[in-house]
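Please read the structure below before turning to the comments.
In listed order, ligands and their atoms are each counted from 1. Keep in mind that what you see is a predicted model, and the values were worked out from it rather than measured.
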Amino acid sequence: MQNDILLRAALNKPTSRTPVWLMRQAGRILPEYRKVREAAGDFKTLVTTPELAAEVTIQPVDILGVDAAIIFSDILVIPEAMGLPYEMEERKGPVFPKVVSSQTDINSLRISQAEDLQYVLEAIKLTKQQLNGHVPLIGFAGAPWTIFSYMIEGGGSKTFSKAKKMLYTNPELAHQLLDKITQSTINYLKGQIAAGADLIQLFDSWAGILSPEQYQEFSLRYIQQICEAINEVPKTVFAKGAFFARAEMNALPCQVIGLDWNMDIEESKRMLPNKVLQGNLDPCALYGSLDDVRRETKKMIDAFGSHPHIANLGHGLYPDTEVDKVKCFIDTVKEYSALRSKN
Ligand code: CP3
């Protein structure tokens, strides 16, 4: 591989500078993405057409100069493969016409196999061919708890109270569904790796709405199972809002932990001494001037210091972020961390 610094950093091997990529770098901000998106007509066509998915996966590598590509897809392909289709509504986000609320609903869902998501596997193969060893390709899936939340709620929510209600009123049923999602996710990630994914990331976007005790029981134990099952490539766990579970995350069988911007860097280094840390600039910091972006980025690099680090934001890029601010973040990471490692 021509540029393998992300892989090296994930394995805690020395690198000449800090690697950098951004969550949600594919889509959202690039005019080049919007063009392909418009021609495709809708989001799902883009996701299910391997040639188009590969094209928008590679765009940020060429245009932004990031050290990795992340496959263009969505975490919600798993519920669909299990038998619960989603729709992506313009300006609203995902909606599930059917939701899960009973034992019968759960019985009717299947444990999906990698082949059920052949279009993603094809997109990965095509992307790998086109990347031609330039940078590694990141595969991903939602963590079981986050997928469970969408399957119960039927879409986004401020409180996710329906999903949480099941944890209190019928924990046994919740575990059945979480278990099916976990098995499906393991099959899916193994398929992504066989197709060529060099690294994988689990997104637990709704980790922060659980209590520490619930997080242990309904999320971490399933993340643990996935991490135990996947040993082929380095793994990153990003649990947004799970500041309270950092000590436990230090014991997960994964190499990298993603931090959000609420997690203090010094504290996180102490609580996660065994892990490479990824993150964690507030995506809103990119609304500042170029000088602000440079200053905030350098501050982040200084704070991670000599702790093994992969630069990223603390959550995905927001759609209204200006491309030159994103480039400024990336360039500053590259230049400043190279300078630091020379001195
Ligand atoms: O990182 C990347 O760029 C790869 C592609 C990617 C998408 N979704 C494409 C997408 C990834 C990694 C995701 C993950 C995802 N999807 C998460 C976890 C990360 C996070 O942000 O917390 C979640 C919770 C989802 C569910 C989802 N998908 C929502 C809530 C929405 C609507 C709001 C939005 O724009 O994100 C989506 C749609 C979606 N997924 C888009 C993209 C590019 C926008 C679709 C469009 O082009 O209209």
Provide the number and element of each atom of ligand 1 under 4.0 Å from a heavy atom of [X].
| X | result |
| --- | --- |
| Tyr33 | 43 (C), 46 (C), 47 (O) |
| Arg37 | 46 (C), 47 (O), 48 (O) |
| Met88 | 28 (N), 37 (C), 38 (C) |
| Phe72 | 43 (C) |
| Gly93 | 32 (C) |

Hey, are [X] and [Y] close enough for a salt bridge, meaning a charged N less than 4.0 Å from a carboxylate O?
| X | Y | result |
| --- | --- | --- |
| Asp179 | Arg221 | no |
| Arg37 | Glu90 | yes |
| Asp198 | Lys128 | yes |
| Lys158 | Glu153 | no |
| Lys299 | Asp302 | no |
| Glu266 | Lys269 | yes |

Between [X] and ligand 1, which part of the residue brings a heavy atom under 4.0 Å of the ligand: side chain, backbone, both or neither?
| X | answer |
| --- | --- |
| Ile71 | backbone |
| Pro319 | neither |
| Lys240 | neither |

Taking the side chain as everything from C-beta on, heavy atoms only, tell me whether [X] gets closer than 4.5 Å to [Y].
| X | Y | answer |
| --- | --- | --- |
| Phe96 | Pro85 | no |
| Met23 | Asn312 | yes |
| Ile58 | Leu131 | yes |

Is the shortest N/O to N/O distance between [X] and ligand 1 below 3.5 Å?
| X | answer |
| --- | --- |
| Thr146 | no |
| Ala26 | yes |
| Tyr150 | no |
| Gln25 | yes |
| Trp206 | no |

Looking only at protein heavy atoms, which one is nearest to [atom], and what is the separation?
| atom | answer |
| --- | --- |
| atom 45 (C) of ligand 1 | Phe43 CD1, 3.3 Å |
| atom 35 (O) of ligand 1 | Arg28 NH2, 3.5 Å |
| atom 11 (C) of ligand 1 | Phe140 CZ, 3.6 Å |
| atom 9 (C) of ligand 1 | Ser73 O, 3.2 Å |
| atom 14 (C) of ligand 1 | Ile75 CG2, 3.8 Å |
| atom 18 (C) of ligand 1 | Ser205 OG, 3.2 Å |

Practice item. Give the intermediate values and the outcome of side chain to side chain donor-acceptor pair (under 3.5 Å) for residues Asp204 and Ser219. Key: CA-CA 8 Å; Asp204 206 357; Ser219 187; 2.6 Å; yes
Are Phe218 and Trp145, when compared by the centres of their aromatic rings, separated by less than 6.0 Å? no
| said: Looking only at the aromatic ring of each residue, does the gap between the centers of Phe140 and Tyr188 stay below 6.0 angstrom? | reply: no
May I ask whether Gly156 has any heavy atom positioned less than 4.0 angstrom from an atom of ligand 1?
no
Within-shell test, Pro94 vs ligand 1, heavy atom, strictly < 4.0 Å: yes
Candidates Arg34, Arg24, Met23; heavy atom nearest atom 41 (C) of ligand 1 found on Arg24
Min over Leu30, Val47, Asp74 of heavy-atom distance to atom 26 (C) of ligand 1 lands on Asp74
* Is the count of non-hydrogen atoms from other residues, nucleotides or ligands lying under 6.0 Å from Tyr119 atom OH greater than 12? -> yes
May I ask you to establish whether Lys240 and Trp261 are in a cation-pi arrangement, using a distance under 6.0 Å from NZ or CZ to the six-membered ring centre and at most 45° from the ring axis?
yes
